[in-house]
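Below: the structure, in structure tokens.
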Amino acid sequence: MSGVAHDQSGAEVGPGHSDSPFIQHHFDDGAHQFESGKLGIWLFLGQEVLFFSALFVAYIIYRHNHPEIFEYAHKYLDVKMGAINTGVLILSSLSAAWAVRAAQLNQQRLLIFCLVVTLLCAFGFLGIKYVEYSAKVHHHTLFGKRFAPHEAPDGTEIEQPDGNPGKDAAGKPTAKEPLNTVGGVKAQPVDGSKGPPPGTAPVVPGDPSASKEEPASSQAGVGVLPALEAQKDAGAKIDTEAGARPPPNTGMFFTIYFLMTGLHGVHVLAGVFVFIWLLWRATKGHFGPRYYGPIDFAALYWHLVDLIWIFLFPLLYLIA
Amino acid sequence: MATAATSPHSHDTGVHGDPPEPSYLTVKRGFRNWIVTLDHKRIGVMYLIGITTSFLLGGVFALLVRTELFLPGSQLVNEAQYNQLFTLHGAIMVFLVIIPGLPAALGNFSLPIVLGAPDVAFPRLNLFSFYLWCTGAALMLLSLIVNAADTGWTFYTPYSTTTGTAVVPAVAGAFVLGFSSIFTGLNFIVTIHKFKPKGMGWFQMPLNLWGIYSTALLQVLATPVLGITLLLLLVERIGRIGIFDPALGGDPVLFQHFFWFYSHPAVYIMILPAMAVMSDLITTFSHKPIFGYRFIAYSSIGLAALSFLVWGHHMFVSGQSRLASMVFSALTFTVAIPSAIKVFNWVATLYKADITLKTPMLYALSFILLFTIGGLTGVFLGALSVDVHLHDTYFVVAHFHYVMMGSALIAFLGALHYWWPKMFGRMFNERVGQVCAVLVFIGFNTTFLPQFVMGARGMARRYFDYDPEFTIFHQVSTVGAFLMGITLVVSFGNLIYSLFRGKRAPRNPWGGSTLEWQAPSPPPLYNFYAHEQPTLYPIYDYTDLYYDEQEGGWLRRKHKAEAETP
């Protein structure tokens, strides 16, 4: 029959004809299944990129609006740990890629070895991350209100004003900090002519004056609250002067840090489960030159997880 | 497929004369075989049951809202309960009904058959999506039982992070439903790419598939942003991390940006499959090739692409910069172009056509009218100065109901009636179906036309109480809503009745030219009998089709010739 739809010709071969027990019946053959899986995993990775994208956008916006927070707070992070973790992940990506090659060449023992290395690296990454996270919990360098360190990044003690956020982890930001920036937005009227006096109440959300799209450069110095200028000076002072208090809302850096590295960590953890499953299947000899799709797809996923970390490391740890 | 139910050689009926294979409905009976099925048709039917149940629930909430608004002041509920009612109505209708309605339920059923394929590319992922849908629905119900969310379906911060109602399960439900949608979209894209039959190029695909494809692209590319946004909202609400909290340096408007970056494309996730089905319905019942095939196909992709660029038009009064608002406004106007291309092409298809006014076609014609109204009022709202006046009024409510209910759900009903004989092998009562289609149209307009008027006169949306001058509009609207509600119950009753008493359906009851009408009604497990694979004819070629009294449906002349030769 000409123009026959998909060939599932039941009479001769029947759906389920295949050269491997792992080719599902509705695919024509192994190649058809592999190509479909490959397209599927690429779409999934596209989905993952967009899933992370909002966090990168949040990072860009908050860093653009409050560079002083990022410049101050990143010094709390341990660059050495971050660098080691970067190396660990790159090594695991190499072993994952090598695992694909081993499966394609039917090198069963090498395949198992590569999968084990990948898994060990993943555990190593998570272990180092655990050490970093526990140090942050210990030093109270946490997100939002829970940012209440006793020490500045250089180890000097932070001046503790009365009722300060340094002692009370659950305490509100002190009234002494003029909350002149709201919603990552410079509190300035749309027309930019005059602002409210410093220390006034935060702009309520939905207020038309919360116009975040205003390019800050063009508005620099025009209509910006005096307090904001003062705060910028304070931020500059912090860099030089030991013992100064962190800029307001420094917790926002750690909010973003924990969100980004946390979501990344969840992806590493998911990868661990996938590689355990693959290792189990590899020990049973499921993979070979005719069927290596799952290894290939997992390795692609792993490369993406690796790639995201390669972006996160400089963005969070290496702020100049 | 790996289950015993679908083992490869369970149905070898290779040659003519063997008893026909059992249909997918009867091949493996029993509840347990259904819930672990990997058959796209059964998964589609399970979605259909879940979605219509949710539709009923969402509809009850809608009628409660309308009853409350019949008179000023409190009738049934208090202010707080009213907020919960419209939130539940919106969240259920958007996340549980319209978004999965056409793609997941009817798309799942029809997509592989239309391709002449045995199943979707990833049947297990398909079943997983369905269970994600069930989990999401259960979480939504949990919110309803505990203390229903009262934030509106948009979950705007900071209210959603501070209100005392059960926002967490509702948001978690929407998050899980998002992943159900992503995996369905991923599955459909791969299926369309990799399972097109030989001889069917991209421009020989039924337009339905173009629509499903564009929808699936949006599902994969836009929904993850909703996922992360809702995740941030959950973390913010549970952990007070400050990302949307101004007191900690966060930005509540950022939530709106993230939310609408998904939720505007989501509007197209709702409308694109509806338009897609429309193209097939209109050409089938006009018995005439579609006018401007390529334009309709490209306009689907164009709408999908544009939908990513217009989210800011939801935020004209949220403190967006004037420049951004102007750009978003201009981009919003451009959406009218691909939409109008579709409408004009449908109308041109109808021109001088031999139209059969069956139930699905009546819904299709309603769609054209209602979508035109919904689309054009969207242009009003895209205009900056007009939007400032109409923002958050009933004009907006009427506008998006014309698009979401008047277009997407009407198309869903049309498509349901269209594929019903194929799904269950039974014909519904045509006359009852036709009367219901007309009454739904009348009821819909009675409900929502007055809302345009009162919205333009300043009746704000989501208000529990109102000035007496708006009473008459609210009353007309409520009467229309009840007319529509009753009619919808009757039309679903008509469909269900047909399962028991309906006439047996022929293979091609409407004269459709696409591959699914060559399959038996209902199809066997692998969609076509093993010994008679479908034949690919030129797309939308109706010249060989004729109505056969004995068959009760449409046949191809070539079949007749084959049958007559000894």
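A note on names: the letters A, B, ... follow the listed sequences, proteins ahead of strands, and every chain is numbered from 1.
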If every non-hydrogen atom of A:G40 is compared with every non-hydrogen atom of B:L186, which pair is closest and at what distance?
O-CD1, 3.7 Å
Who among B:L221, B:N187, B:T191 has the most heavy-atom pairs with chain A under 4.5 Å?
B:L221
Does a side-chain heavy-atom distance below 4.5 Å link A:Q24 with B:R124?
yes
Give, as side chain, backbone, both or neither, the part of B:L232 having an atom under 4.5 angstrom from any heavy atom of chain A.
side chain
Toward chain B, the part of A:L142 with a non-hydrogen atom under 4.5 Å
neither
Can you confirm if the aromatic rings of A:H32 and B:F195 lie within a centre distance of less than 6.0 Å?
yes
Heavy-atom cut-off 4.5 Å, strictly under: side chain, backbone, both or neither for A:S36 against chain B?
both
What are the two closest heavy atoms between A:R146 and B:R240, and how far apart are they?
NH1-O, 4.2 Å
In terms of heavy-atom proximity below 4.5 Å to chain A, should B:L323 be classed as side chain, backbone, both, or neither?
neither
Could you pull out the closest heavy-atom pair between A:N249 and B:A247, with the gap in Å?
OD1-O, 3.8 Å
If you take all heavy atoms of A:T255 and B:I241, which pair is closest and at what distance?
OG1-O, 2.7 Å
Under 4.5 Å from any heavy atom of chain A, what part of B:I182 do you find: side chain, backbone, both or neither?
side chain
Just wondering, do B:L248 and A:F143 contact through their side chains at under 4.5 Å, heavy atoms?
no
Donor-acceptor under 3.5 Å (B:Y526 side chain, A:H26 main chain):
no
I'd like to check A:Q47 versus B:F179 (side-chain heavy atoms, cut-off strictly below 4.5 Å). Are they in contact?
yes
Heavy-atom pair of closest approach, residues A:A58 and B:L254
CB-CD2, 4.0 Å
Side chain to side chain, B:T223 and A:L50, heavy atoms closer than 4.5 Å
no
Close side-chain approach of A:F44 to B:V220, heavy-atom, < 4.5 Å:
no
If one checks every heavy atom of B:F188 against chain A at 4.5 Å, the contacting part turns out to be neither
At a 4.5 Å cut-off on heavy atoms, which part of A:L39 comes close to chain B: side chain, backbone, both, or neither?
both
Give, as side chain, backbone, both or neither, the part of B:F183 having an atom under 4.5 angstrom from any heavy atom of chain A.
side chain
